[in-house]
Number of protein chains: 2
Amino acid sequence: MQNSEALTLTAALLAAAGELTQRINEGVEARGFEGRPAYGFAFTRLAPDGATVTDLAVHLGVTKQAASQLVDELARKGYVERRPHPDDARARLVVLTERGWACTRAAEEAAAEAVRAWADLIGEGEVRMLGDRLLRIAPNGPVRPAW
Amino acid sequence: MQNSEALTLTAALLAAAGELTQRINEGVEARGFEGRPAYGFAFTRLAPDGATVTDLAVHLGVTKQAASQLVDELARKGYVERRPHPDDARARLVVLTERGWACTRAAEEAAAEAVRAWADLIGEGEVRMLGDRLLRIAPNGPVRPAW
DNA sequence: TCATATAGTCAAACAACTTGACCAATAAGG
DNA sequence: CCTTATTGGTCAAGTTGTTTGACTATATGA
């Protein structure tokens, strides 16, 4: 493989990821929720049973302070609640509210819609394969801003 | 396709893109250049004939003020030079210096190295196909931070 | 030639993140 | 059990990369 191809691949990855994230965010807002793209990825970690701030920080690839601030924001907007952790009195369990669940569903719908546009371009099977390969490459790496 | 699969795909895309960008940056630094990931993508637009600040802004998906600041930074570190534009007295052509070319080559090497690790995981053919599909999806969309 | 658009920069404001300091609850070792 | 180290979380301050707004200089077009 030529050297410059690798950079082209990276650029394509970033462009695709950026486009998708932006569309999801637009879709979520169109469904009546205000937010930023990070919300959706936070929600996937909070559902179904909640998570601690530290869990969230690892999932998002940021410091726990940053994760804590995000939770503040989500709580202020009514998407999540901090509850005492059943097993550990230091920790607090962050769980989705009813509105948080609704927003999660909206994000999933918006994502499905955006991906459907890709299926129209390269075919559903190809999209599925894309996802499969990507999952094998970066199984559960942190979901964080790309540069 | 199930709704939640689409969010999973997005997360995988982001994780993969993030990992790749980070590795490239580390590789570039290991080769003796200081910088941040955006540099490499700026370079791909500046090579081979240079570009204006506005071109760069479009390529990176940021405002031209942000692009201008990036160019300041790159110039201060000796990677690029601002030269008068041959055809338009308002514009200035940003071109790579010799050191800028060296850094570009380093970025390409680092990228090739990072992608090679992927080829070991899923096979070179699969990686090539991945790149092909992604290019069809997001042909020349802006390369910008993903969330 | 006069209005309008475009290329670029300066400056200030802002958003998301980090680093550092700290407290409370737990876990580990004698 | 005490003591010490570790872990979960927050508060506060600082940093970074970005945007918005204002402005100048050149180009374009009726």
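Chain letters run A, B, ... following the sequence lines, proteins first and then strands; every chain starts at 1. Predicted model only: the values in this text are computed from it and were never measured.
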(request) Each residue besides M129(A) in its hydrophobic cluster should be listed here, by chain and number; the cluster joins Ile, Leu, Val, Met, Phe, Trp and Tyr at side-chain heavy-atom distances under 4.5 Å. (result)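 Direct or chained contacts put M129(A) with M129(B).
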(request) Give the other cluster members for V95(A), using side-chain heavy-atom distances under 4.5 Å between Ile, Leu, Val, Met, Phe, Trp and Tyr residues; answer none if it is isolated. (result)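 Traced through the cluster, V95(A) reaches L93(A).
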(request) Can you label the angle between the F33(B) ring and the Y79(B) ring as parallel, tilted or perpendicular, going by 30° and 60°? (result)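 Tilted.
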Give the rounded distance in Å between these two atoms: [atom1] of [X] and [atom2] of [N].
| X | N | atom1 | atom2 | value |
| --- | --- | --- | --- | --- |
| F41(B) | dG17(D) | CZ | C1' | 16 Å |
| R36(A) | dT19(D) | CZ | C1' | 16 Å |
| Q69(A) | dC14(C) | CD | C1' | 14 Å |
| R76(B) | dG17(D) | CZ | P | 10 Å |
| N25(B) | dT16(D) | CG | P | 15 Å |
| L60(A) | dA16(C) | CG | P | 13 Å |

(message) Do L135(A) and V115(B) land in one hydrophobic cluster if side-chain heavy atoms of ILVMFWY residues count as linked below 4.5 Å?
(response)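 No, no single cluster joins them.
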(request) Identify whether the distance between the nearest side-chain nitrogen and carboxylate oxygen of E113(B) and R31(B) falls below 4.0 Å. (result)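 Salt bridge between E113(B) and R31(B), a charged N being under 4.0 Å from a carboxylate O: yes.
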(message) Can you tell whether the side chains of R105(A) and E109(A) come within less than 4.0 Å, N to carboxylate O?
(response)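 Looking at R105(A) and E109(A), the cut-off is not met.
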(request) Using the side-chain hydrogen bond (donor to acceptor under 3.5 Å, both in side chains) rule, collect all pairs that involve residues 60-74 of chain B, keeping only residues at least two apart or in two chains. (result)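 Matches after skipping sequence neighbours: R36(B)-E73(B), Y39(B)-E73(B), D72(B)-R82(B).
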(message) Using the side chain to side chain contact (heavy atoms under 4.5 Å, CB included) criterion, which residues pair with I137(A)? Sequence neighbours excluded.
(response)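 Partners of I137(A) under the side chain to side chain contact (heavy atoms under 4.5 Å, CB included) test: W118(B), I122(B), L130(B).
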(request) Starting from the first five and the last five pairs of the helix from dT1(C)-dA30(D) to dG30(C)-dC1(D), work out the angle between the resulting helix axes, to 10 degrees. (result)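 About 30° separates the two local helix axes.
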(request) If a protein heavy atom is under 4.0 Å from the base, mark B; if only from the sugar-phosphate, S; if neither, -; do that for nucleotides 4-9 of chain C going 5' to 3'. (result) --BBBB
(message) Categorize A89(B) for me: base, sugar-phosphate, or nothing, with a 4.0 angstrom heavy-atom threshold over every strand shown.
(response)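 Sugar-phosphate: the residue A89(B), judged by heavy atoms under 4.0 Å, touches backbone atoms but no base.
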